[in-house]
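Throughout, a chain's letter reflects where its sequence line sits, starting with A, and its residues are numbered from 1.
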Amino acid sequence: MKAVYFAWVRERVGATDEDIAPPAEVRTVGDLIGWLVSRGENYAYAFENAKAIRAAIDRKHVKHDALIAGAKEIAFFPPMTGG
Amino acid sequence: MKAVYFAWVRERVGATDEDIAPPAEVRTVGDLIGWLVSRGENYAYAFENAKAIRAAIDRKHVKHDALIAGAKEIAFFPPMTGG
Amino acid sequence: MAVRVQSEPFDAAAEARALTAGRADVGAVVTFVGLCRDEGGTLAALELEHYPGMAEEEISRVVAEAQARWPLMGATAIHRYGKIAPGEDIVLVVTASAHRAAAFAAAEFLMDYLKTRAPFWKKEHRKDGTSGDWVAAKDADDAAADRWKA
Amino acid sequence: MAVRVQSEPFDAAAEARALTAGRADVGAVVTFVGLCRDEGGTLAALELEHYPGMAEEEISRVVAEAQARWPLMGATAIHRYGKIAPGEDIVLVVTASAHRAAAFAAAEFLMDYLKTRAPFWKKEHRKDGTSGDWVAAKDADDAAADRWKA
């Protein structure tokens, strides 16, 4: 699956997107955040306040307890400031 | 003083405006309506539902208990339907 | 603030632009245009009668009240009179503010108050040749205006 | 309904006209334009980042929700991205309905939901050369969106 990052999450991770292959025990968005954080300091920095991070699966907003099975694209970003 | 009429009040009275000289005991807008009604059937028809008639003294909305002393122009009209 | 009572059409876009021209502190502009509906194809035209002089003064009072209530950077109200065909504009309100909540609230307030306080009356001319029922004031409009009372 | 995400400026007046062209059953058109403020002269530009694809889809979902809630005869939402200078337009919402209450409510709803659900993020470029704090989301915007929940 593909992970995509926006705004300061993107800046902190240091990438706009990447292919990821989390292990099977990573079932939810929250699990995925935990797994990413374990991969390096840049992720730890991006997700240091994990509750503040919003997520979308295949371009739809989801909560952190959403299951990631079957997802093609998972996006992480700060609260939106458009409008 | 001048009385002016609008919309169906104007149509029923049969005049856009007229000079009036009510006697001294006609003190309020409500008194004036009563005095006008006494002057003819056209006024009686225009003011048959007196409560529904709005009034303005010198271009400001007033209630029927407003005093007419000093007024130059008193207007009578139905509830507004602009906008 | 600009208030006009006129028979000619107005240019809503130009009025909105005028409120932001030459400044960069406006964050929100709300434009309301009220149009003449054809009432299911039965209406030939509306004829709007007004109280010259009082119409401008009353709308100005309403706009001043909106400016006292909300931090507006500009407000424009234009109301037409005379014969207006279905599809044509009748009334325009534009409000500008730093933030959207004030611009929206002020525009709604202005329309609710124009409906119930501006001295205009609509007469209907029907396509079947009959004319003219006077449009009756709506309780809903009074209720809409009442909600702004403290 | 028309939804667009674009870097180019939009023509608010043309979008509003498009909703009433060729019909005479619309009684109310509300146009909201959100502009870039200069923040007391300190801001050089805003840079709007967005999530391509999702931005259009999410705005379309929000517009569909507005259409389900209110009897709209038309609704348009356009959101710009990229670098935007103070005084320039950022976002446009236009709603058309037979009556003003629906047009006003739907336009406010659309803006409240765009603020909190459309995937856009603003970065500030300051005139002193420093860049860029990311604009923080406001609790007030969440509260504004929450008021539409049943």
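Atoms CE and CZ, from B/Met80 and C/Phe120 in turn, are 11.0 Å apart once rounded to the nearest 0.5 Å. For the atom pair CG of C/Leu114 and CD1 of C/Ile59, the computed distance is 5.5 Å after rounding to the nearest 0.5 Å. To the nearest 0.5 Å, atom CD of residue C/Glu49 and atom CZ of residue B/Phe6 are 6.5 Å apart. Rounding to the nearest 0.5 angstrom, the gap separating the CZ atom in B/Arg10 from the OG1 atom in B/Thr16 is 8.0 Å.
A salt bridge does not link C/Glu58 to B/Lys60: none of the charged side-chain nitrogens sits closer than 4.0 Å to a carboxylate oxygen. Under a 4.0 Å N-O distance rule, the pair C/Arg126/C/Glu124 qualifies as a salt bridge.
Residue contact with chain B, scored on non-hydrogen atoms closer than 4.5 Å, involves the side chain of C/Arg61 exclusively. Of the two parts of C/Ala136, only the backbone, made up of N, CA, C and O, holds a non-hydrogen atom closer than 4.5 Å to a non-hydrogen atom of chain B.
Within residues 92-112 of chain C, the residues approaching chain B closer than 4.5 Å by heavy atoms are, in numerical order, C/Met111. Among the residues in residues 36-48 of chain C, none has a non-hydrogen atom closer than 4.5 angstrom to a non-hydrogen atom of chain B. Of residues 29-59 of chain B, those residues lying under 4.5 Å from chain C by any heavy-atom pair are B/Arg54, B/Ala56, B/Arg59.
The salt bridge (charged side-chain N to carboxylate O under 4.0 Å, His left out) check on C/Lys122 picks up nothing, with sequence neighbours excluded.
Residue C/Asp128 places its CG atom among more than 12 non-hydrogen atoms of other residues, nucleotides or ligands, all under 6.0 Å distant.
By the 4.5 Å heavy-atom criterion applied to side chains, C/Arg80 and C/Glu8 are not counted as neighbours.
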>> Walk me through whether C/Tyr51 and C/Glu56 qualify under side-chain hydrogen bond (donor to acceptor under 3.5 Å, both in side chains).
In response: CA-CA 9 Å; C/Tyr51 186 170; C/Glu56 293 85 344; over 6 Å; no
